[in-house]
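Counting convention: from 1, in listed order, for ligands and their atoms alike.
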Amino acid sequence: MSDSSIAFIGGGNMAHSLVGGMIASGRKPTSIWVADPFVDQLDNHRHRHGVNVTQENTEAAANADVIVLAVKPQILRDAAAQIASIVQERKPLMLSIAAGLREPDISRWLGGDVPVVRAMPNTPALIRCGATVLYANPSVTGQQKALAEEIMGAVGLCLWVDEEEHMDAVTATSGSGPAYFFHMMECMQAAAEDLGLPADVARQLVLQTALGAARMASEGEDEPGTLREKVTSPGGTTAAALEVLGQEDLAGVIKKALTAARDRSRTLSDEFGKD
Ligand SMILES: NC(=O)c1ccc[n+]([C@@H]2O[C@H](COP(=O)([O-])OP(=O)(O)OC[C@H]3O[C@@H](n4cnc5c(N)ncnc54)[C@H](OP(=O)(O)O)[C@@H]3O)[C@@H](O)[C@H]2O)c1
């Protein structure tokens with residue numbers, strides 16, 4: 001655990017989760033500052049985590065080694081403008097978790113030539129079971145990369161990509177991904193009820209089955225395809241269901257869905273980054 005100082009601009013859900021995760025991993029609360037316009041939000045941070053709090057973004061940013069931009073994407077540009085002169089003076093690492101905002105736009109809003117890491121986390125980060133992908137611009141040092149990993153690794157899996165272009169596919173896969181699995185659960189639950197199961201039984205069975213399948217796939221050696229084959233006896237019940245999914249081209253539908261999400265991510269990033 002490094003002893004560098006971390007400032008959060010925006011103290012909402014993600015900031016709570018990241019701060020909580022880092023403190024649970026051994027980081028000193030006094031090394032963390034949280035800035036937010038909302039006094040209740042700051043009180044919550046002080047009571048829950050014992051960190052330093054302020055309503056002034058500039059006060060939090062003043063001595064930070066890394067500044068985490070944890071505001072909504074629509075607000076980031078204004079928040080960046082408030083701290084740009086401090087950032088230009090000190091060149092701390094800027095870690096943006098704002099969905100859809102590209103590194104060149106963030107750098108430009110901060111006055112240019114700044115070390116920026118762009119992170120794309122997903123919602124399960126809120127329960128420290130997230131999947132985050134990171135992209136660093138060329139100004140980011142190895143030590144700063146380790147710091148970015150320490151912060152995002154506090155809420156789950158952390159991977160790097162070398163090309164920012166991949167972030168749109170990441171958004172389509174892990175960013176929007178939890179919703180696909182939630183929808184699958186909804187569909188299975190509704191189908192199980194149609195087959196006559198009581199709603200609470202259907203719900204519990206679907207959730208436990210999703211959890212069990214995810215744990216088998218992530219904790220064991222076998223690929224998902226191998227696991228599927230192992231539970232599919234020829235002529236059996238699973239084979240009957242999978243045959244229908246194949247006839248209806250589930251794989252093609254999923255590919256179309258991810259492609260639509262990737263394309264929408266590109267469009268939104270273009271819109272967010274407009275001057
Ligand atoms: N939640 C997720 O699962 C998730 C997943 C992927 C990416 N992200 C990204 O993470 C970022 C934060 O998301 P979140 O869910 O934590 O949002 P959030 O709960 O709305 O938190 C943002 C916080 O920033 C505060 N704020 C507003 N304007 C500010 C300003 N000028 N300076 C400082 N703070 C300001 C907000 O206060 P008010 O409430 O008073 O406006 C709010 O407390 C977003 O950019 C989002 O795209 C989130």
Side-chain angles (χ1 to χ4, degrees), residues 6-22 32-49 51-62 64 66-87 94-103 105-106 109-110 116-135 148 151-159 161 164 167-182 261 264-265 268-269 271-273:
I6 303 175
F8 283 82
I9 305 300
N13 296 313
M14 282 298 284
H16 270 291
S17 186
L18 289 164
V19 169
M22 282 189 288
I32 299 175
W33 277 85
V34 175
D36 196 289
F38 208 30
V39 176
D40 287 356
Q41 187 75 276
L42 295 176
D43 285 346
N44 200 354
H45 270 281
R46 196 170 33 214
H47 292 133
R48 270 170 68 183
H49 309 300
V51 296
N52 307 294
V53 298
T54 174
Q55 284 183 280
E56 300 302 326
N57 290 341
T58 46
E59 188 185 2
V66 50
I67 299 175
V68 184
L69 298 169
V71 292
K72 294 279 186 215
Q74 312 83 276
I75 287 171
L76 193 139
R77 189 180 175 161
D78 286 347
Q82 287 171 16
I83 57 171
S85 61
I86 293 175
V87 172
M94 302 303 299
L95 172 60
S96 165
I97 62 168
L101 291 184
R102 294 187 180 121
E103 177 277 317
D105 297 317
I106 298 165
W109 295 336
L110 289 164
V116 175
V117 168
R118 173 183 168 191
M120 181 62 213
N122 65 2
T123 312
L126 301 177
I127 57 158
R128 296 187 206 158
C129 199
T132 299
V133 172
L134 300 165
Y135 165 78
I151 296 169
M152 299 315 298
V155 292
L157 174 76
C158 226
L159 304 172
V161 289
E164 186 172 16
M167 283 303 209
D168 296 309
V170 166
T171 302
T173 306
S174 52
S176 303
Y180 316 153
F181 288 104
F182 296 145
R264 183 69 186 138
S265 171
L268 286 174
S269 294
E271 285 173 13
F272 279 141

### Task
Around atom 26 (N) of ligand 1, find the nearest protein heavy atom and jot down its residue, atom name and distance.
P37 CD, 3.7 Å
### Message
Yes or no: does P73 have any heavy atom under 4.0 Å from an atom of ligand 1?
### Response
yes
### Query
How about F272 and D105: do any of their side-chain heavy atoms sit closer than 4.5 Å?
no
### Query
In terms of residue, atom name and distance, what is the protein heavy atom nearest to atom 30 (C) of ligand 1?
N57 ND2, 4.0 Å
### Query
Does ligand 1 have a heavy atom under 4.0 Å from the side chain of A70, from its backbone, from both, or from neither?
backbone
### Message
Side chain or backbone, does I9 bring an N or O within less than 3.5 Å of an N or O on ligand 1?
### Response
no
### Task
Taking only heavy atoms of T123 into account, list the atoms of ligand 1 that are under 4.0 Å away from them.
3 (O)
### Query
L69 and side-chain contact (heavy atoms from CB on, under 4.5 Å): which partner among L101, I75, I83?
I83
### Message
Within the 4.5 Å heavy-atom criterion, are M152 and L95 side-chain neighbours or not?
### Response
yes
## Note on the structure
Under 4.0 Å between heavy atoms, the region of D78 that gets near ligand 1 turns out to be neither
### ligand 1 atoms in contact with N13 (distance to a heavy atom under 4.0 Å)
15 (O), 16 (O), 19 (O)
### Summary
If we number the atoms of ligand 1 from 1 as shown, the ones under 4.0 Å from a heavy atom of I75 are 27 (C), 28 (N), 29 (C), 31 (N)
### Query
For M14, is at least one N or O under 3.5 Å away from an N or O on ligand 1?
yes
### Task
Below 4.0 angstrom from a heavy atom of P121, which ligand 1 atoms are there? Numbered from 1 as shown, please.
5 (C), 6 (C), 7 (C)
### Task
Considering only protein heavy atoms, determine whether one is less than 4.0 Å from atom 15 (O) of ligand 1.
yes
### Query
Could any protein non-hydrogen atom be found less than 4.0 Å from atom 41 (O) of ligand 1?
no
### Protein contact of atom 7 (C) of ligand 1 - nearest heavy atom, named by residue and atom, plus distance
I97 O, 3.5 Å
### Task
Around atom 38 (P) of ligand 1, find the nearest protein heavy atom and jot down its residue, atom name and distance.
D36 OD1, 4.7 Å
### Message
Return the closest protein heavy atom for atom 39 (O) of ligand 1 as residue, atom name and distance.
### Response
F38 CD2, 4.8 Å
### Heavy-atom pair with the smallest gap, counting every atom of R102 and E164
CA-OE2, 3.2 Å
### Task
Determine the minimum heavy-atom distance between Q82 and T58, stating which atoms define it.
O-CG2, 3.4 Å
### Query
Considering only heavy atoms from C-beta outward, does the side chain of I151 approach that of M22 to under 4.5 Å?
yes
### Query
Taking C-beta and beyond as the side chain, do I97 and L18 meet within less than 4.5 Å on heavy atoms?
yes
### Task
If you have a sec, work out which protein heavy atom is nearest atom 24 (O) of ligand 1 and how many Å separate them, to one decimal?
G10 CA, 3.4 Å
### Task
Calculate, to the nearest 0.5 Å, the distance between atoms CD1 and CD1 belonging to I6 and I67 respectively.
11.5 Å
### Message
Let's go through M120 and T132 carefully: what are the C-alpha distance in whole Å and the side-chain angles of both, what is the deciding distance for side chain to side chain contact (heavy atoms under 4.5 Å, CB included) to 0.1 Å, and is it a yes or a no?
### Response
CA-CA 5 Å; M120 181 62 213; T132 299; 5.8 Å; no
### Query
Are the side chains of V117 and M94 in touch, meaning some heavy atoms are under 4.5 Å apart?
no
### Task
Give the residue and atom name of whichever protein heavy atom lies nearest to atom 17 (O) of ligand 1, and the separation in Å to one decimal.
K72 NZ, 3.3 Å
### Query
Quick one: are W33 and E59 in side-chain contact, heavy atoms under 4.5 Å?
yes
### Query
Is V71 in contact with ligand 1, taking contact as a heavy-atom separation below 4.0 Å?
yes
#### Entry: Check: N44 and H16 side chains under 4.5 Å, non-hydrogen atoms
yes
### Task
Could you find the nearest protein heavy atom to atom 21 (O) of ligand 1 and give me its residue, atom name and distance?
G12 CA, 3.1 Å
### Message
What I want to know is whether Q41 and ligand 1 share at least one N or O pair that is separated by under 3.5 angstrom.
### Response
yes
#### Entry: For A99, the ligand 1 atoms whose distance to one of its heavy atoms is below 4.0 Å
45 (O), 47 (O)
### Query
Do V155 and P121 come close enough that some side-chain heavy atom pair is under 4.5 Å?
no
